[in-house]
Amino acid sequence: MVEDQSAVKFVNDLLARAVMENASDIHIEPQENQVRVRIRVDGMLRDTDRPPTAMGPAITAHLKVLADLDISEKRLAQDGRLDLRVAARTIDVRMSTFPTIYGEAVVLRILDRAQKPLSLTELGMSAGIATEFERQFRQPHGILLVTGPTGSGKTTTLNTVLHEIRCEEKNIVTIEDPVEYRQAGIRQCQVNRKAGITFADGLRSILRQDPDIIMVGEIRDSETAEIAFQAALTGHLVLSTLHTNDAPGALTRLVDMKVEPFLISSSVIGVLAQRLMRRVCKRCAESYEPPEPILRRLGAQPGAKFKRGVGCPECNDLGYRGRVGAFELLMLDSTVRRMVMEGKSADEVRQIAVKLGMVPLREDAAAKARAGLTSAEEVIRVTQDAAV
């Protein structure tokens, strides 16, 4: 089964195609009468070639051998990794198997080691947000958080920050899960639960390494939060992520993690919330007027024109190619800090922050649609869970 040449060829072709199309994930899903294969490009899953049902077990077995997994174990989920060379590029692939009633489902996460960190403007930040965000991550100590759902580009933003602030005078150490971008001059550690390396344990060890700047891939629990805030209070700059829908929600999320309000008020420098929107394909872009309900939700006047892609070979007839970020930056001034101390809700903090100049996430996204970077429908799709 492992040496089935048709399965080997299918896997090689699938991986090469996914890398060439800049896919982030591959899903191989056995079903009752077929093997469904999908790739995620620009955040959206789409179907690709479907192999014969009988080939499914051979495909999984070949991938498990490549990832050094136990091919005889089909009842338990397994995680592994493999390295690829595609078109002179070194690709790191993380593999996860999951037992289903029709066989083992496989997800492959594709990480391109050669990918360079983008600048703040390349990420899509407006000049105002980029300037203030840079002021925040240039602070000598404190906690700077980036929030958003899975797949919203939080790690990419933090690696851009690390790329901007790395220098000979600074000792920068990270604990990540996994290490997605490898940067010279930065010591990067990866979570390994089998070896007992968690975010909390890794962070404790990092504090004994005389760091100036610490990047924690994610604050997931009270223990990690407690150590991160202790590090910030003792003169370190801590960068991390949280899973919240907007920037003010990060403050209440920290309270839920049993972080004392006075620690949040004194340690958090700022919170950046973000989403990723698909870019309109430049090759096939055209002007159009969205339906009236969408214009109303965007606060646009009737007759307003936006851009959309009609589909062409360059974008695989999708109308989109690449992605651009939408951002919301909460600055913790004296007013917001006082509200945190008083235990105000995220909605109350949001109302005051907007009055003080914070640009809401949807407003920033709508501005990019008006500039022709994305479509009006994409703005609604991506920001539908964001506070307005």
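Rounding to the nearest 0.5 Å places SG of Cys281 at 11.5 Å from CD of Glu286.
Applying the salt bridge (charged side-chain N to carboxylate O under 4.0 Å, His left out) rule to pairs touching residues 171-187 yields Asp177-Arg193, Asp177-Arg220, sequence neighbours excluded. Legend: ring-ring contact (aromatic ring centres under 6.0 Å, His included) pairs involving residues 300-327, not counting sequence neighbours: none detected. Among residue pairs with one or both ends in residues 229-243, none qualify as salt bridge (charged side-chain N to carboxylate O under 4.0 Å, His left out); sequence neighbours excluded. Counting only residues at least two apart or in different chains, ring-ring contact (aromatic ring centres under 6.0 Å, His included) contacts with residues 127-146 comprise Phe133-Phe137. Judged as a salt bridge (charged side-chain N to carboxylate O under 4.0 Å, His left out), the pairs with a partner in residues 19-28 (not counting sequence neighbours) are, in order, Glu21-Arg46, Asp25-Arg40, Asp25-Arg109.
Counting only distance, with no hydrogens or angles, the side chain of Thr160 and the backbone of Ser119 share no donor-acceptor pair below 3.5 Å.
Under a hydrophobic-cluster definition in which Ile, Leu, Val, Met, Phe, Trp and Tyr are linked whenever side-chain heavy atoms come within less than 4.5 Å, directly or via other members, Met277 and Met44 are assigned to different clusters.
Comment: Arg85 does not engage Asp83 in a salt bridge, judged by the lack of any side-chain N to carboxylate O separation of less than 4.0 angstrom.
Under the side-chain contact (heavy atoms from CB on, under 4.5 Å) criterion, Ser345 pairs with Asp347, Glu348, not counting sequence neighbours. Shown here are the side-chain contact (heavy atoms from CB on, under 4.5 Å) partners of Ala231, two or more places apart in sequence or in another chain: Leu207, Ile214, His236, Val238. Every residue meeting the side-chain hydrogen bond (donor to acceptor under 3.5 Å, both in side chains) condition with Arg275, not counting sequence neighbours, appears here in chain and number order: Asp385. Residues that satisfy the side-chain contact (heavy atoms from CB on, under 4.5 Å) test with Arg36, not counting sequence neighbours, are Glu29, Gln31, Arg38, Asp47, Arg50. With sequence neighbours excluded, the residues that form a side-chain contact (heavy atoms from CB on, under 4.5 Å) with Arg253 are Leu242, Thr244, Asp256, Met257. With sequence neighbours excluded, no residue forms a side-chain hydrogen bond (donor to acceptor under 3.5 Å, both in side chains) with Glu169.
By the 4.5 Å side-chain criterion applied to Ile, Leu, Val, Met, Phe, Trp and Tyr, Tyr102 is assigned to a cluster that also includes Ile101.
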